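Here the structure is a predicted model, which means the values were calculated and not measured.
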Amino acid sequence: MTWSILLIPSLAFAAEGDTGSWVGPFAVLAAGLGMGIASGLCGVGQGLAAASAVEAVARQPAAAARIQTVMIIGLALIESLALYVFVIAAILLFVQPVK
């Protein structure tokens with residue numbers, strides 16, 4: 001029992017060095033692809049929202065103020081998706097740095 005207590009820590013300290021982990025490169029790929037996809041889809045969503053709002057104002061000009069308010073709230077919610085993906089990408093990049 002005494003020998004196992006004395007030898008186990010030495011084995012743990014002997015495992016230093018580069019382990020060749022693939023987590024770092026895949027974290028970079030995941031962050032880049034995720035941000036690219038989220039930015040592209042947010043752009044498409046914002047374009048569709050703006051197009052629908054312009055069409056709605058063209059059909060009913062009296063409701064332009066209400067339509068604009070709803071559109072701005074919708075655009076803010078769409079943009080929050082890109083911000084959430086950016087935060088997750090930053091966590092992936094800085095918590096597990098590339099070695």
CD1 on Ile37 to SG on Cys42, rounded to 0.5 Å:
11.5 Å

Would you say the side chain of Leu75 lies within less than 4.5 Å of the side chain of Glu79, judging by non-hydrogen atoms?
no

How many angstroms lie between CG in Leu93 and CE in Met35, if you round to the nearest 0.5 Å?
11.0 Å

Can you give me the closest heavy-atom contact between Met71 and Ala53, atom names plus distance?
SD-CB, 3.3 Å

Can you name the nearest heavy-atom pair linking Leu92 to Ala31, along with the distance?
CD1-N, 4.2 Å

Just so I know, are the side chains of Leu83 and Val87 near enough to count as touching, which here means a heavy-atom distance under 4.5 Å?
no

Could you give the distance from CG (Leu81) to CD (Gln46), rounded to the nearest 0.5 Å?
10.0 Å

